Amino acid sequence: MENLEKLNFDEKVEILKKLKEEKDAVILAHYYVNEDIQAIADYIGDSFFLAQKATELKEKTIVMAGVYFMGESVKILNPSKNVLMPDLGADCPMAHMVSVEKIKEMRAKYDDLAVVTYINSTAEIKAYSDICVTSSNAAKIVNQLKEKNIFFVPDKNLGDYIKKSLPDKNVILNDGYCPVHDEIDLDDVRAFKGKVKILAHPECRKEVLDLADFIGSTKAIIKEAGKYDDVLVVTEEGIFTELKKKYPNINFRKLRKSPICNDMKKLNIDKVIRVIENNENQVEVDKEIREKALIPLKRMLELGA
């Protein structure tokens with residue numbers, strides 16, 4: 001479709017509505033994407049909700065408005081669906097911060113080992129895992145595993161948070177991290193301590209989490225925020241779209257330097273329209289990898305329910 005940029009937002013929404021009907025398409029979006037994408041999404045949520053929701057949809061085409069590992073997860077769980085990404089270049093650096101070789105090395109080192117993989121990871125890494133988790137269900141799932149030794153990949157910060165929560169497990173940390181959360185300024189957060197309620201995502205460093213009044217996934221933070229009048233939310237700034245919509249009267253504070261995921265911000269309504277119209281940016285996962293990765297993802301949906 002030419003000259004999309006000349007149309008206003010409402011005109012684009014009308015085009016999108018017709019296209020979705022014509023192409024039998026549905027749009028899933030993560031809380032971290034831009035406000036215009038959240039406005040046009042059929043379902044908005046965190047990684048766990050989106051993975052779960054994808055398995056319930058009747059539409060034949062699923063547009064995953066997020067980063068690439070999310071599209072892969074949807075395709076693994078729904079191999080017969082047509083999964084499209086608005087921008088194939090929207091990726092998650094942390095997803096690549098562990099290797100198959102490292103996993104094999106740890107398996108050789110420990111007999112009683114479960115490889116627990118954060119959903120923010122590539123399909124290949126999931127294929128070499130025992131179970132997947134999200135930030136909302138990681139502690140719950142790891143606690144149910146029979147293995148004492150847990151190699152938690154790729155995020156060392158979430159892994160460390162789980163380690164503290166489950167002292168009976170030997171949680172072995174990888175050295176990956178989310179650049180957006182890992183680079184949050186400690187002094188910036190400390191300036192709010194004791195003045196407002198601090199809600200933080202467990203992908204943050206331990207020093208930041210130690211200052212928090214509440215630690216949880218994006219979904220958990222959104223739920224918790226409703227209990228207070230004055231709140232500092234320490235996670236990617238896209239969450240404020242949902243927070244302000246849900247709680248217009250709460251005073252939400254922001255860090256001096258807003259945590260921004262540039263990959264999530266690559267998406268816009270024009271890209272969504274184009275991928276549906278032209279059936280572009282299809283997500284494909286190698287059959288062998290897909291079948292292996294399906295096992296830990298299904299286990300996550302079962303144990304995390």
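Note that the structure is a prediction, hence the values are computed from the model and not measured. Just the heavy atoms: all of them, side chains too, but no hydrogens, waters or symmetry mates, feed the values below.
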inquiry  = Are the side chains of Thr122 and Phe69 in contact, using a 4.5 Å heavy-atom criterion?
reply    = no
Gap separating the CG atom of Asp188 from the CG atom of Leu232, nearest 0.5 angstrom = 8.0 Å
ask   = Tell me, do Asp46 and Thr134 make a side-chain contact under 4.5 Å, heavy atoms counted?
value = no
Nearest heavy atoms of Asp270 and Lys12, plus distance in Å = OD1-NZ, 2.8 Å
Name each donor-acceptor pair under 3.5 Å that joins a side chain in residues 297-305 to protein atoms two or more places apart or in another chain, with its distance.
unit_1 : atom_1 : unit_2 : atom_2 : d
Arg299 : NH1    : Asp130 : O      : 3.0

message = Are Val83 and Ile273 connected into the same hydrophobic cluster when the rule is that any two of I, L, V, M, F, W, Y join if their side-chain heavy atoms are below 4.5 Å apart?
response = yes
request  = Start with the C-alpha gap between Lys292 and Glu288, add the side-chain angles, then the distance that decides, and say whether salt bridge (Lys or Arg N to Asp or Glu O under 4.0 Å) holds.
outcome  = CA-CA 6 Å; Lys292 286 181 179 175; Glu288 186 184 351; 3.3 Å; yes
request  = Kindly indicate, with the supporting measurements, whether the criterion salt bridge (Lys or Arg N to Asp or Glu O under 4.0 Å) is fulfilled by Asp210 and Lys206.
outcome  = CA-CA 6 Å; Asp210 286 345; Lys206 177 186 179 296; 2.9 Å; yes
request  = Indicate whether any N or O donor in one side chain lies under 3.5 Å from an N or O acceptor in the other, for Asn34 and Asn268.
outcome  = no
ask   = What's the verdict on salt bridge (Lys or Arg N to Asp or Glu O under 4.0 Å) for Asp187 and Arg190, showing C-alpha distance, side-chain angles and the deciding distance?
value = CA-CA 5 Å; Asp187 290 333; Arg190 192 182 279 126; 2.6 Å; yes
ask   = With a cut-off of 6.0 Å (strictly less than), are more than 12 heavy atoms of other residues, nucleotides or ligands near NZ of Lys254?
value = yes
Any donor-acceptor pair under 3.5 Å from Gln38 side chain to Ile44 backbone = no
query = Quick one: are Ile162 and Asp160 in side-chain contact, heavy atoms under 4.5 Å?
reply = no
inquiry  = For Asp263 versus Ala90, what's the shortest heavy-atom pair and its separation?
reply    = O-CB, 3.4 Å
ask   = Would you say Lys20 and Asp42 make side-chain contact, with heavy atoms under 4.5 Å?
value = yes
key: Any donor-acceptor N/O pair, Asn78 side chain to Lys81 backbone, under 3.5 Å   = no
inquiry  = Counting only heavy atoms not in Glu35 (residues, nucleotides, ligands), do more than 12 fall under 6.0 Å from its CD?
reply    = no
ask   = Among side-chain atoms of Ser129 and Thr117, is any donor-acceptor pair under 3.5 angstrom?
value = yes
key: Thr235 OG1 to Phe240 CZ distance, which is reported to the nearest 0.5 Å   = 9.0 Å
query = Salt bridge between Lys193 and Glu207, side-chain N to carboxylate O under 4.0 Å?
reply = no
message = Does any part of the side chain of Ile62, heavy atoms only, come nearer than 4.5 Å to the side chain of Leu57, both counted from C-beta?
response = yes
Any donor-acceptor N/O pair, Lys169 side chain to Leu145 backbone, under 3.5 Å = yes
inquiry  = To the closest 0.5 Å, what do you measure between NZ (Lys227) and CG (Leu199)?
reply    = 9.5 Å
key: Cationic N near anionic O, under 4.0 Å, Lys75 to Glu72   = no
query = Which residue pairs pass the ring pair (Phe, Tyr, Trp, His ring centres under 6.0 Å) test when at least one of the two sits in residues 148-193, sequence neighbours left out?
reply = His181-His201
query = Do the side chain of Tyr247 and the main chain of Ile222 share a donor and acceptor less than 3.5 angstrom apart?
reply = yes
note = Heavy-atom closest pair (Gly66 atom, Leu267 atom, distance to 0.1 Å) is N-CD1, 3.3 Å
inquiry  = Which heavy atom of Leu186 sits nearest to which heavy atom of Arg205, and what is that distance?
reply    = N-NH2, 4.0 Å
request  = Would you check, one step at a time, whether the test salt bridge (Lys or Arg N to Asp or Glu O under 4.0 Å) holds for Glu242 with Lys245?
outcome  = CA-CA 5 Å; Glu242 182 69 16; Lys245 187 168 71 178; 3.4 Å; yes
key: N/O donor-acceptor pair under 3.5 Å between Asn174 side chain and Pro154 backbone   = yes
request  = Check whether Leu173 and Leu113 end up in the same hydrophobic cluster, where Ile, Leu, Val, Met, Phe, Trp and Tyr are linked by side-chain heavy atoms less than 4.5 Å apart.
outcome  = no
ask   = Which residue pairs satisfy the ring pair (Phe, Tyr, Trp, His ring centres under 6.0 Å) criterion with at least one member in residues 113-134, sequence neighbours excluded?
value = none
key: Ile295 side, atom CD1; Arg290 side, atom CZ - distance, nearest 0.5 Å   = 12.0 Å
ask   = Does atom CG of Asn8 have more than 12 heavy-atom neighbours from other groups under 6.0 Å away?
value = yes
note = Output for pair (Tyr228 OH, Asp213 CG), nearest 0.5 Å, gives 7.0 Å
message = Tell me whether the NZ or CZ atom of Lys219 lies within the 45° cone about the ring axis of Phe48 and under 6.0 Å from its centre.
response = no
inquiry  = A quick test of your reading: do over 12 heavy atoms of other residues, nucleotides or ligands sit less than 6.0 Å from CD of Glu21?
reply    = no
Which donor-acceptor pairs under 3.5 Å do the side chains of residues 97-105 make with protein atoms, sequence neighbours left out?
unit_1 : atom_1 : unit_2 : atom_2 : d
Ser99  : OG     : Lys102 : N      : 3.1

request  = Following the transitive rule for hydrophobic clusters with a side-chain heavy-atom cut-off under 4.5 Å over Ile, Leu, Val, Met, Phe, Trp and Tyr, establish whether Leu294 and Leu50 coincide in one cluster.
outcome  = yes
query = Any salt bridge between Asp87 and Lys271, counting N to O under 4.0 Å?
reply = yes
ask   = Given the rule that I, L, V, M, F, W and Y join up when any side-chain heavy atoms are under 4.5 Å apart, are Met106 and Ile131 in one cluster?
value = no
ask   = Does any N or O in the side chain of Asp24 come within less than 3.5 Å of the main-chain N or O of Lys60, such that one atom is a donor and the other an acceptor?
value = yes
Asp112-Asn149 side chain donor-acceptor pair, cut-off 3.5 Å = no
task = Evaluate the side-chain proximity of Val231 to Asn251: yes if any heavy-atom separation is below 4.5 Å, no if none is.
result = no
task = Would you list the pairs meeting ring pair (Phe, Tyr, Trp, His ring centres under 6.0 Å) in which at least one residue belongs to residues 251-298, sequence neighbours left out?
result = none
ask   = Thinking salt bridges, do Lys287 and Glu291 make one under a 4.0 Å N-O criterion?
value = yes
message = Please list all pairs meeting ring pair (Phe, Tyr, Trp, His ring centres under 6.0 Å) that have one or both residues in residues 12-32, counting only residues at least two apart or in different chains.
response = His30-Tyr32
message = Taking the side chain as everything from C-beta on, heavy atoms only, tell me whether Ser73 gets closer than 4.5 Å to Lys126.
response = yes
query = Have Asn157 and Asp182 got a donor and an acceptor in their side chains that come within less than 3.5 Å?
reply = yes
task = Would you check if Ile150 and Asn170 make a side-chain contact, meaning some heavy-atom pair closer than 4.5 Å?
result = no
task = Quick one: closest heavy-atom pair of Ile119 and Ser47, and the distance?
result = CG2-CB, 3.5 Å
remark   = In this structure, CG of Leu19 is separated from NZ of Lys17 (nearest 0.5 Å) by 12.5 Å
query = Can you get from Phe9 to Leu7 by hopping between Ile, Leu, Val, Met, Phe, Trp and Tyr side chains that sit under 4.5 Å apart?
reply = yes
query = For Val275 and Met85, which heavy atoms make the closest approach, and how far apart are they?
reply = CG1-O, 3.4 Å
Within 6.0 Å of NZ in Lys197, more than 12 heavy atoms from elsewhere = no
